[in-house]
Amino acid sequence: MSGSDLILLEEEHVRLSELAETLLTQANASFVGLIDRNGQPLGWCGELPDVDRTALASLAAGNVAATEGLAEMIGEPSFAAMYHEGESEHLHMSTLGRIAILVVAFNERSSLGLVRLRVRQLAPDFEEVFDVMESRSRNPGGSGALGLPEITDEDIDSLFGDSF
Amino acid sequence: MPFINYAQREITCKIVYYGPGLGGKTTNLQWIHQKTNPDAKGKLVSLATESERTLFFDLLPLNLGTIRGFKVRFQLYTVPGQIFYEASRKLIVKGADGVCFVADSQAARYDANLESLKDLRSHLRAHSIDFPSIPYALQLNKRDLPTAMPKDQLIAALRLKNEPVIEAVAVQGIGVFETLKVIVKQTLAQLRTGAAV
């Protein structure tokens, strides 16, 4: 990979959660999701529908990646945001820096204009956190430098006991 | 790029099943999904065409348990094998922490295997993923078919970096979990070393 592990620390998690809650309130959104561009869910808040969050995250990341592929084909560096209009729920997706995607779901209690405005206002604060994460992932030294516990062969073998 | 969430104490890794069309990539995931305890798996997401050919990707999230207080999650993806979905394959390979190459053992698919391997290496390179160091396994699927080529011939042509080779009949589950275990172990071992792939 071009970088090392992507690591989310406790204080970053708290900061991202605060920002997501602020966006949720200010945009009158149904839920807000933060996803890494490879499809890993990073955090959620709001009234989450009864769906598999991992699946939702991977589909959103795939959607963004495919849309960026389309942008490239027509000579655009990227499409900054995407909007999917449903009958009652709508999705607004935008990229945050180089590593994250912001998903905002909203309904008739809000509007596309309000969501876009609030996303634009808060994006720099989100990006500040993700820039730190990205910078860390580019630095050599590995996860051990941050105290990831020593994983032994026995630990790995033990994973295959009960699940299969 | 494994994702380590210290707040939730979770480690998440992405494994991609790669290979030529109709080689058995989706079948591997379907078998794992069928035979895994409900608590340990998420929903199998398949974006397929009406004829059940993979259109974009399949995804199976697995919760493998806990290591030293960290929940270990793996996300298994397949790529669409058909030649004209090259752009989709490139997207899915992005961020992969490990790759299983599912080769079709049939003689008629020999060239398709080689083409797919070439395609894989090209996409890894495009994402700055170093092929020699990424966790990797070679699964020789469809070993039960009378048209299957001898194992040694396939290994001579398809084994690129002394990776583990697993013989499989994915529709019967033979070799499926062996392949998964091999790639999971390599991926976690890589994480242990802290080595950036």
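Below, read A as the first sequence line, B as the second, and so on, with proteins coming before strands; counting in each chain starts at 1.
Contacts between B:E10 and chain A at a heavy-atom distance below 4.5 Å are absent for every atom of the residue. Only the backbone of B:T66 comes within contact range of chain A, with at least one heavy atom under 4.5 Å from a heavy atom of that chain.
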For residues 13-21 of chain B, run the donor-acceptor check on the side chains, cut-off 3.5 Å, and write out each pair with its distance to 0.1 Å, sequence neighbours left out.
unit_1: B:K14; atom_1: NZ; unit_2: B:I92; atom_2: O; d: 2.9
unit_1: B:K14; atom_1: NZ; unit_2: B:K94; atom_2: O; d: 2.7
unit_1: B:Y18; atom_1: OH; unit_2: B:D119; atom_2: OD2; d: 2.3

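The side-chain heavy atoms of B:F3 and A:D36, taken from C-beta on, include no pair separated by under 4.5 Å. In this structure the side chain of A:D5 never reaches within 4.5 angstrom of the side chain of B:I11, judged on heavy atoms. No side-chain heavy atom of B:I4 sits less than 4.5 Å from a side-chain heavy atom of A:L8.
A:E128 CD: 12 or fewer foreign heavy atoms inside a 6.0 Å radius. Under a cut-off of 6.0 angstrom, the local environment of NZ in B:K118 is sparse, with at most 12 non-hydrogen atoms contributed by other residues, nucleotides or ligands.
Within residues 101-116 of chain A, no residue has a heavy atom under 4.5 Å from a heavy atom of chain B. Scanning residues 57-83 of chain A against chain B with a 4.5 Å heavy-atom cutoff picks out A:S58, A:L59, A:G62, A:A65, A:A66, ordered by number.
One hydrophobic cluster, built from ILVMFWY side chains closer than 4.5 Å, cannot hold both B:V102 and B:I166; they sit in different ones. Clustering ILVMFWY residues whenever any of their side-chain heavy atoms sit less than 4.5 angstrom apart, transitively, puts A:V119 in the very cluster that holds A:L42. Under a hydrophobic clustering in which Ile, Leu, Val, Met, Phe, Trp and Tyr are joined whenever their side-chain heavy atoms come within less than 4.5 Å, directly or via other members, B:V93 and B:I134 fall into the same cluster. Linking ILVMFWY residues whenever their side-chain heavy atoms come closer than 4.5 Å, directly or via other members, places B:F70 and B:V184 in the same cluster. Residue B:V79 is grouped with residue B:F131 when hydrophobic side chains (ILVMFWY) are merged at heavy-atom distances under 4.5 angstrom, including chains of intermediate members.
The distance from atom OG1 of A:T54 to atom CZ of B:R73, rounded to the nearest 0.5 Å, is 6.5 Å. Put simply, CZ on A:R37 and CG on B:L91 are 11.5 Å apart, with the number rounded to the nearest 0.5 Å.
With sequence neighbours left out, B:K90 forms a salt bridge (charged side-chain N to carboxylate O under 4.0 Å, His left out) with no residue at all.
Ranked by heavy-atom pairs under 4.5 Å with chain A, the list B:V72, B:T12, B:L44, B:L60 is led by B:T12.
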Inset, instruction - I would like to know whether A:L159 and B:L188 meet side-chain contact (heavy atoms from CB on, under 4.5 Å); could you show each step before the answer? - result: CA-CA 11 Å; A:L159 289 177; B:L188 289 175; 3.4 Å; yes

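Between B:L59 and A:A55, the shortest heavy-atom distance links the atoms CD2-CA, 4.0 Å. The minimum heavy-atom distance linking A:G39 with B:Q75 is given by the pair O-OE1, 3.9 Å.
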